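Here the structure is a predicted model, which is why all the values come from computation and not from measurement. Note that ligands are numbered from 1 as they come in the structure, with each ligand's atoms numbered from 1 the same way.
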Amino acid sequence: MTAANGGRAPARWLIMGARPLGGDPADILIEGTTIAAVMPAEAGGADVADDTVTVLDASNLIALPGLVDLHAHLREPGREDAETVASGTAAAALGGFTAIHAMANTEPVADTAGVVEQVWRLGRQAGNCDVRPVGAVTAGLGGAQLAELGAMADSAARVRVFSDDGQCVADATLMRRALEYVKAFDGVIAQHAQEPRLTAGAQVNEGEISARLGLTGWPAVAEEAIVARDCLLAAHVGSAVHICHTSTAGSVEIIRWAKSKGWQVTAEVTPHHLLLTDDLAVGYDPVYKVNPPLRTAADVAALRAALADGTIDCVATDHAPHPAESKETEWSQASFGMTGLETALRVVHEAMVSTGLLDWSGVADRMSVRPAAIGRIGAPAVGLGDQRHGCPIAPGSPANLVLYDPEPIAPVDPTAHVSRSRNTAFAGLKLPGRVVATFLRGRPTVLNGRLAR
Ligand SMILES: [Zn+2]
């Protein structure tokens, strides 16, 4: 054993009997920050058990590459009453994530190298998962002039994903310039597709439910018009656009068409848009108020099918913590958004695996491999070393893993969540599965379903 850390041997873990991607049982040996070996358990397993290795019995647990979230709101700096980088990344680790992208709509806005480096450093200090700051597209999310995209890309945070999320980059000329700008460093513009004039005062999906409740409707076309425009702009410029929280069947059709042209278009869907529908608003409980709004059962079916066939690339949580006073109020006054990091894998299990639409290999692809690639931290990323994510569970990969027990079925209990906010729309809902352990570069962040530190 070579001395890798001040004369001490590197930490070694032997994860016994786990099922990589839901396949046959295997023993996974971790040495230091890296997966050293993956051996079929049937072959008598690994012959490395000695007192220098910590053995973890993972019988019947599914092993997936550490999950990657392209879309989370960590609220720091500025709204630490709702969430901090430390609490949000703890929630992420408990959900099986090893890397998350932190949206730019903080106070101040993450629109300079200084703010994105602050968020990146807070993530390193917390140590729960890697934090990839998303830079704002426009200064102050104001939609009027481009932010310092190049400075953020060149900063220590190495920003590659830019978004005004919460706001749409509505000005077509600005969107075009942003797409042109990020081409130079292989960046991507993540668009919150919401035509502002068509959604002024909108509260719920426009349709039967909005009419019945007397709330201003949010038409599907307000999303689809921007999705179509930005696919065309990305093609025109030869740059990359990513569609945030796709929520309508029509958006799916446009994205499918754009991909058929070979354009650089990717898309995400949230767990809640895969499971919940707009009729939940009939009780006027603002826990179901979210942007974009919950849609119809037909939209949910189209989103599931699109995630299954790869038209939608990945699941992203849009984790949006809010303090109780912002959500426990009348519908029209309440904030948009719901938490999601601690429930995402269980919801995807329910919506996609239990329905036969995805197997565990598919879940690994849609929740780790593809989001890592879109965030420019995927397996082939050059120069990132062991900072890569979405890598195969194979020797030489960074040891980023989640161990998941698919068997238990239990109601979601928000009081057990470590997010500072409790606005989960899944409270009390019976969901399958439990995250048992999460490893970040060979170090457990979660063990036995609890934070490891
Ligand atoms: Zn958004």
Side-chain angles (χ1 to χ4, degrees), residues 69-75 78-79 82-83 88 100-107 109-111 132-138 140-143 147 161-171 174-175 178 188-200 202-205 218-227 229-230 241-248 251-252 255 265-274 276 278 286 288-295 299 303 312-322 326-327 334-341 344 371 374-375 421 423 425:
D69 191 8
L70 274 175
H71 191 146
H73 297 275
L74 297 183
R75 304 298 189 215
R79 287 308 304 269
E83 197 77 286
I100 63 175
H101 290 71
M103 278 299 172
N105 61 339
T106 48
E107 301 169 15
V109 170
D111 59 359
R132 306 281 314 142
V134 174
V137 176
T138 68
L141 306 181
V161 182
F162 297 86
S163 182
D164 274 5
D165 185 63
Q167 306 288 324
C168 182
V169 181
D171 183 310
L174 262 183
M175 186 64 183
V188 57
I189 305 294
Q191 175 67 293
H192 171 116
Q194 178 188 355
E195 210 294 318
R197 297 274 293 149
L198 287 171
T199 51
Q203 296 288 320
V204 289
N205 179 49
W218 189 307
V221 66
E223 174 173 309
E224 293 154 6
I226 297 293
V227 172
R229 183 201 76 178
D230 289 353
V241 70
H242 176 75
I243 306 301
C244 294
H245 39 53
T246 309
S247 74
T248 77
S251 293
V252 166
I255 292 162
V265 174
T266 56
E268 70 191 29
V269 61
T270 71
H272 46 273
H273 288 107
L274 289 171
L276 307 178
D278 63 346
Y288 300 114
K289 182 176 176 180
V290 65
N291 178 347
L294 300 177
R295 304 287 190 180
D299 292 303
L303 294 166
I312 292 178
D313 297 81
C314 64
V315 175
T317 67
D318 197 5
H319 176 80
H322 290 290
S326 300
K327 288 300 271 188
S335 299
F336 289 96
M338 46 184 72
T339 59
L341 285 166
I374 294 164
S421 295
N423 53 305

**Under 3.5 Å: donor-acceptor pair, side chain of Asp111, backbone of Ala147** = no

**Request:** Specify whether His71 and His245 have parallel, tilted or perpendicular ring planes, treating 30° as the upper limit for parallel and 60° as the lower limit for perpendicular.
**Result:** tilted

**Complete:** Near the Zn ion (ligand 1), protein N/O/S count under 2.8 Å comes to 3

**Message:** With side-chain contact (heavy atoms from CB on, under 4.5 Å) as the test, pick out the partner of Arg75 among Met103, Glu83, Glu107.
**Reply:** Glu83

**Message:** Can a donor-acceptor pair be found, under 3.5 Å and without considering hydrogens, that links the side chain of Asp171 to the backbone of Leu174?
**Reply:** yes

**Message:** If we ignore hydrogens and angles and just use 3.5 Å, is the side chain of Lys327 paired with the main-chain N or O of Ala334 as donor and acceptor?
**Reply:** no

**Message:** Within the 3.5 Å criterion, strictly below it, is a donor on Asp165 or His73 matched to an acceptor on the partner's side chain?
**Reply:** yes

